[in-house]
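This one's a predicted model, so the numbers in the text were calculated from it and none came from an experiment. Side chains included, hydrogens not; waters and symmetry mates left out as well; all remaining heavy atoms used. The chains referred to below are lettered A, B, ... by the order of the sequence lines, with proteins before strands, and numbering in each begins at 1.
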Number of protein chains: 2
Amino acid sequence: MSPSAAVQTAHSHPEQAEIRIEQVLQALGDPVRLQIVRALALATDGLACGAVPLPVTNSTRTHHMRILREAGVVTMRAEGTRRISTLRRADLDTLYPGLLDAVLDAPH
Amino acid sequence: MSPSAAVQTAHSHPEQAEIRIEQVLQALGDPVRLQIVRALALATDGLACGAVPLPVTNSTRTHHMRILREAGVVTMRAEGTRRISTLRRADLDTLYPGLLDAVLDAPH
DNA sequence: ACCGTACTACGACAATGGTCGAAGTACGAC
DNA sequence: GTCGTACTTCGACCATTGTCGTAGTACGGT
């Protein structure tokens with residue numbers, strides 16, 4: 001195995017201080033991603049990307065997870081072959097109190 | 001004067017029930033539009049589109065105002081040659097309590 | 001070792017979106 | 001009426017974005 005074999009599984013996450021409101025809003029502004037976030041909100045201990053039923057292919061799913069991760073909305077950790085995603089509730093509630101709750105409580 | 005001469009000044013606004021959260025979030029997710037919304041939040045009695053200093057041309061300004069209006073974030077009324085825009089605070093607070101405040105209080 | 005599952009990376013594509021300039025409309029002032 | 005101001009509309013442009021298929025990597029099972 002090459003030394004760089006584990007690079008792929010290491011995802012970059014923004015620090016709390018690096019999270020920007022426009023990026024968060026834009027990330028939440030897509031129907032597919034909002035569906036993902038709503039599903040993650042119900043699973044307090046995280047959820048595998050593939051566990052959310054979505055009308056898109058796997059590669060598109062990965063793309064949306066990346067947007068959410070890079071915006072600072074979710075964290076991802078490897079667990080076997082799964083990537084468990086979790087909502088960054090604490091960080092978002094600290095930076096933008098009420099934002100996440102308002103979005104999650106919104107009628108859909 | 002033709003009968004349809006006043007069409008241009010009549011802008012369409014979505015009813016409160018027609019406002020969709022994804023559209024609102026996407027509208028707020030643009031830096032220029034967020035700047036507009038922040039300016040409007042300070043002027044309770046509305047503001048002319050051109051009164052907000054923006055690094056874009058007039059046509060782009062109009063474009064952004066249209067996005068905000070069609071998303072249900074602002075209302076516009078004609079007042080002479082000016083178009084006075086107002087934040088739809090009541091509607092947004094009713095539909096998504098805490099959302100607008102969270103966005104406006106966000107660090108920038 | 002082999003295979004299947006879970007996900008990622010890359011390239012391509014069409015659609016969307018932000019930007020502009022030019023032309024046009026509405027209103028007020030003169 | 002003419003002129004200037006404020007804004008809109010239209011078409012064009014380029015960058016971004018959501019989508020996909022294909023190929024690839026990592027891990028667990030057998």
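- Side-chain nitrogen and oxygen atoms of B/Thr81 include none within less than 4.0 Å of the OP1 or OP2 phosphate oxygen of D/dC7.
- Within a 6.0 Å radius of CD in A/Glu15, other residues, nucleotides and ligands contribute 12 heavy atoms or fewer.
- Distance B/Glu70 CD to D/dT8 C1': 13 Å, rounded to the nearest Å.
- You'll find that the side chain of B/Thr60 is closest to C/dC20, out of C/dC20, D/dG18, C/dC7.
- The side chain of B/Thr57 sits closest to C/dG21 out of C/dT19, C/dG21, D/dG18.
- A sub-4.0 Å separation between OP1 or OP2 of C/dT8 and a side-chain N or O of A/Thr62 is present.
- Between B/His64 and C/dT19, a side-chain N or O to OP1/OP2 separation shorter than 4.0 Å is present.
- One donor-acceptor pair, N or O on each side, does fall under 3.5 Å between the base of C/dG21 and the side chain of B/Ser59.
- In this structure, A/Arg61 places its CZ atom 15 Å from P of C/dT5, rounding to the nearest Å.
- Under the 3.5 Å distance criterion, with hydrogens and angles disregarded, no donor-acceptor pair is assigned to the side chains of B/Thr62 and B/Ser59.
- B/Tyr96 contributes no side-chain N or O that, together with a main-chain N or O of A/Val103, makes up a donor-acceptor pair within less than 3.5 Å.
- Between the CZ atom of B/Arg66 and the P atom of D/dT8 there is a distance of 10 Å, given to the nearest Å.
- Distance A/Ile84 CD1 to C/dT5 C1': 14 Å, rounded to the nearest Å.
- Note: CG (B/Leu54) to C1' (C/dC20) measures 15 Å, nearest angstrom.
- In terms of phosphate contacts, B/Gln26 brings no side-chain nitrogen or oxygen within less than 4.0 Å of OP1 or OP2 of C/dT16.
- The CG-P distance, from A/Asp30 to D/dT19, rounds to 6 Å in whole Å.
- Nearest-nucleotide mapping onto DNA chain D: of A/Glu79 and A/Pro55, the residue sitting toward the 5' end is A/Pro55.
- Nearest-nucleotide positions on DNA chain D place B/Asn58 closer to the 5' end than the other of A/His63 and B/Asn58.
- Following rounding to the nearest Å, A/Ile36 (CD1) and D/dG18 (P) show an atom-to-atom distance of 11 Å.
- Although no hydrogens or angles enter the test, the distance criterion places no donor-acceptor pair under 3.5 Å between the side chain of B/His108 and the main chain of B/Gln35.
- Applying the 4.0 Å criterion to OP1 and OP2 of D/dG28, one finds that A/Arg82 has every side-chain N and O outside that range.
- Proximity of A/Arg33 to the phosphate of D/dG18: a side-chain N or O atom is located under 4.0 Å from OP1 or OP2.
- Summarising the geometry, the separation between CE on B/Met65 and P on C/dG17 is reported as 18 Å, rounded to the nearest angstrom.
- A distance-only check finds no donor-acceptor pair linking the side chain of B/Arg77 to the backbone of B/Ile84 [under 3.5 Å].
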